[in-house]
Amino acid sequence: MNLPSVDEANPAGGRIQRSSSLVEDVYEAVFAQLMSLKIAPGSRITVDSLVKEFNVSHTPIREALGRLEGEGLVLKTHLIGYRAAPQITKRRFDELYELRLLLEPHGAAKAAVLMDEAKLAQLQKSAGVMARREGKDERLRYSNFARQDAIFHDKVMEFANNELVRETLAHQHTHFHIFRLMFHSRVTEEALDEHEAILAAFAAADPAAAEQAMRRHIEHSRDRLLLAFD
Ligand SMILES: [Zn+2]
């Protein structure tokens with residue numbers, strides 16, 4: 001989730017910076033379409049159609065698709081081209097949630113012990129971004145929520161102070177895959193309250209409450225998205 005910003009990548013600015021932000025724009029737009037299922041899982045993505053849709057050249061499209069490929073959301077097949085990654089299977093879904101339930105409640109308890117004002121402020125900021133309802137584009141809002149949720153959970157694991165566990169979870173791109181199961185406001189609205197409970201436990205520096213709140217959030221998240229397999 002540590003995506004370098006354009007400015008960090010190219011502090012000198014100039015032409016490359018402009019084309020990098022173009023890649024960023026295309027990336028965000030395609031990401032939103034994948035998250036909100038406008039681009040259906042498993043369907044073909046042709047560079048030419050995106051060129052037409054966004055009115056940009058092939059290069060930023062290919063770069064953006066390459067980045068999505070790195071996140072497991074797009075697959076590239078030699079001579080055939082790009083397609084959206086298929087939906088995760090029920091088995092994979094169960095495995096991801098088992099992994100999360102094994103690691104994240106414990107991580108939340110550890111983070112609560114190590115919590116301080118500065119860390120709490122970062123988590124509150126991240127949760128606050130998710131609660132915002134600005135912008136008319138429902139798809140964009142949904143995809144932003146998915147990304148912020150990934151950042152929020154990654155931060156908790158960062159504060160739990162075990163890089164190996166953090167990397168293990170990050171490499172699964174869990175949030176991108178689970179949010180893509182269903183495009184529904186329930187997925188985001190209920191999660192907000194659950195995040196508040198986690199934050200309250202962190203504010204109280206209460207490891208048992210943090211562990212319980214995180215477990216409850218992940219279990220509820222699982223139950224909400226389980227409906228996608230009906
Ligand atoms: Zn969450």
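Keep in mind the model is a prediction, meaning the values are calculated, not measured. For this chain, numbers begin at 1 and follow the sequence in order. Both backbone and side-chain heavy atoms feed into the values below; hydrogens, waters and symmetry mates do not. Whatever order the structure lists ligands and atoms in, that order sets their numbers, starting from 1.
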### Task
Using the side-chain contact (heavy atoms from CB on, under 4.5 Å) rule, take Tyr142 and Leu37 through it: C-alpha gap first, then chi angles, then the decisive distance, then the call.
CA-CA 11 Å; Tyr142 189 81; Leu37 305 176; over 6 Å; no
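No other N/O/S atom of His153 lies as close to the Zn ion (ligand 1) as NE2 does.
One finds no salt bridge joining Arg216 and Glu219 here, because no Lys/Arg side-chain nitrogen approaches an Asp/Glu carboxylate oxygen to under 4.0 Å.
Seen from the Zn ion (ligand 1), atom OD1 on Asp149 and atom NE2 on His195 lie at an angle near 90° (rounded to 10 degrees).
Put simply, His175 stays out of reach of the Zn ion (ligand 1), with no N, O or S atom under 2.8 Å from it.
Ring orientation note: the planes of Tyr27 and Phe31 are close to parallel, at an angle under 30° on the 30°/60° scale. Relative ring orientation between His195 and His217 is described as perpendicular, the plane-to-plane angle rising above 60° on a 0-90° scale split at 30° and 60°.
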